[in-house]
Amino acid sequence: RAKAQGRNRHYVFDDDLRDHLAMRRDIERDLANAMTNDALEVWFQPILSEGGRKLTDLEALVRWNHPRHGWISPTDLVTVASFSGLAEPLFRYILRDVCTMMQTLRAMDLTHLRIAMNISPREISQIAVDNLIITKLRKLDLPPSMLEIEITEDTAKDIRAVQDKLTALAKAGVRIAVDDFGVGYSSMSSLRQLHVDRIKIDGSFVRGIAGSADDRNVVQSIITLGKSLGIEVVAEGVETEASRNILRQLGCLIMQGHYFAKPMPHRETIEWINQSRSFVR
Ligand code: C2E
Ligand code: MG
Ligand code: MG
Ligand code: MG
């Protein structure tokens, strides 16, 4: 982008950088308070199996509406936290809300549903995520099978750094998914070694599936890979009926996206579940 601005690029770049730094400073400064004041939220997005007919998981997605900067992108939020010594408090905050949802589901007799929680590469290397998760679940007497963690392909790339933590979680009964699959690098052996139960095809391939043979081919080959490794495959970013139909034809029956449901706050999620009883078997 800076390059396209030609000779003005320095001004543009400096402006961008200044904005960025000012915003980052604000976020750093306000994040700790926001957590203390319960101003962050965790929203949930349904993941469905059987071609969209059955609810199986809810993905937890953090949300922060900053008083001046508006909605902060979750990836920026997690990144800033990890540079500000706030990675662990943020992780604990999200884990707490994730467990609250699990408790709600248990009270509704829906312990067959899972919550999928994202963990960034930095979080997994900086924080004792395995201990924090296992201890918390034990304390609340929640079944580890109700939790799935989503790591990215970049995490899966550096196996040695994460293997012990992921093995501990897998042994405890927590499921492991590799998110944004297809945009990073992970090897087939890493999928095995890291006890991966599920791969999630990045939405960038899924969105174009109806119009692009290339995208369709990528998706098809990930589905084939999953089948041959015995790993479940999820398509994310399913926005249209056409995409859903093609995915069904290709044999990818687990899906997530705006076509089915957008991420929702805790209360709306429960309302959605109550109104979608035919999905919740
Ligand atoms: P992700 O884990 O791949 O999450 C999927 C993202 O796609 C979410 O964006 C979701 O709102 C969005 N999405 C879902 N369906 C559709 C669709 O049909 N169309 C489109 N265009 N988008 C769709 P979100 O919530 O902004 O999160 C972005 C990324 O931030 C996530 O990508 C994840 O990597 C990260 N993230 C979110 N919450 C957390 C968190 O609690 N902890 C960590 N470590 N990372 C998080
Ligand atoms: Mg995810
Ligand atoms: Mg993803
Ligand atoms: Mg993504």
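One-based numbering, in listed order, for ligands and for the atoms of each. Along the sequence shown, residues carry numbers from 1. Just so we're clear, the structure is a prediction, and the values are computed from it rather than from any experiment.
- Close approach of ligand 1 to V78 is summarised as follows: ligand atoms under 4.0 Å from at least one heavy atom of the residue are 42 (N), 43 (C), 44 (N), 45 (N).
- Remark: distances from the non-hydrogen atoms of R63 to ligand 1 include one below 4.0 Å.
- More than 12 heavy-atom neighbours from other residues, nucleotides or ligands sit within 6.0 angstrom of CZ on R29.
- Proximity of Q256 to ligand 1, defined as any heavy-atom pair under 4.0 Å, is not found for any part of the residue.
- Residue I94 has at least one heavy-atom neighbour below 4.0 Å for each of these atoms of ligand 1: 41 (O).
- A donor-acceptor pair shorter than 3.5 Å can be found between the side chains of Q256 and E59.
- Backbone and side-chain nitrogen or oxygen atoms of L61 are examined, and none is located within less than 3.5 angstrom of a nitrogen or oxygen of ligand 1.
- Taking every non-hydrogen atom of D180 and a distance limit under 4.0 Å, the qualifying atoms of ligand 1 come out as 3 (O).
- On a distance-only criterion, Y259 and ligand 1 share no N/O pair closer than 3.5 Å.
- When each of L137, D57, I134 is tested with L147 by the rule side-chain contact (heavy atoms from CB on, under 4.5 Å), just one qualifies, namely L137.
- Checked against a 3.5 angstrom limit, the closest N/O atoms of E59 and ligand 1 fall inside it.
- Within the structure, the closest approach of G237 to ligand 1 falls below 4.0 Å when heavy atoms are considered.
- Counting only N and O atoms by type, the side chains of T100 and H266 include no donor and acceptor under 3.5 Å apart.
- Proximity to Q45 (heavy-atom distance under 4.0 Å) selects the following atoms of ligand 1: 14 (C), 15 (N).
- Under the 3.5 Å distance criterion, with hydrogens and angles disregarded, no donor-acceptor pair is assigned to the side chains of T152 and D154.
- No side-chain donor from either of H66 and D26 sits under 3.5 Å from a side-chain acceptor of the other.
- Across every non-hydrogen atom of S243 and V206, the tightest pair is OG-O, 4.2 Å.
- When the shell of 6.0 Å around CG of D38 is examined, it contains more than 12 heavy atoms from other residues, nucleotides or ligands.
- Through direct or relayed side-chain contacts under 4.5 Å between Ile, Leu, Val, Met, Phe, Trp and Tyr, W71 connects to W43.
- At most 12 non-hydrogen atoms from other residues, nucleotides or ligands lie less than 6.0 angstrom from CE of M188.
- Here is the list of ligand 1 atoms found below 4.0 Å of a heavy atom in E236: 3 (O).
- The 12-atom threshold is exceeded at CZ of R96, counting heavy atoms of other residues, nucleotides or ligands nearer than 6.0 Å.
- The P74 neighbourhood of ligand 1 comprises atoms 24 (P), 25 (O), 26 (O), 27 (O), 30 (O), 36 (N), 37 (C), 38 (N), with distances under 4.0 Å to a heavy atom of that residue.
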Trace of the salt bridge (Lys or Arg N to Asp or Glu O under 4.0 Å) decision for R25 with E28: CA-CA 5 Å; R25 225 179 25 237; E28 277 183 18; over 6 Å; no
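- Residue-and-atom listing of protein N/O/S atoms under 2.8 Å from the Mg ion (ligand 2), sorted by chain and number: E59 OE2, N118 OD1, E150 OE1, D179 OD2.
- The residue K262 has no part lying near ligand 1, judged by heavy-atom distances below 4.0 Å.
- Listed by chain and residue number, nothing satisfies the salt bridge (charged side-chain N to carboxylate O under 4.0 Å, His left out) test with E268 (two or more places apart in sequence, or in another chain).
- For the pair P263 and ligand 1, a heavy-atom separation below 4.0 Å is found.
- Taking every non-hydrogen atom of T75 and a distance limit under 4.0 Å, the qualifying atoms of ligand 1 come out as 29 (C), 30 (O), 35 (C).
- Each salt bridge (Lys or Arg N to Asp or Glu O under 4.0 Å) pair with one or both residues in residues 215-235, not counting sequence neighbours, appears once here: R175-E232, R198-E232.
- At a heavy-atom cutoff of 4.0 Å, ligand 1 is contacted by both the backbone and the side chain of N118.
- Residue-ligand proximity, E123 to ligand 1, at heavy-atom distances under 4.0 Å covers atoms 43 (C), 44 (N).
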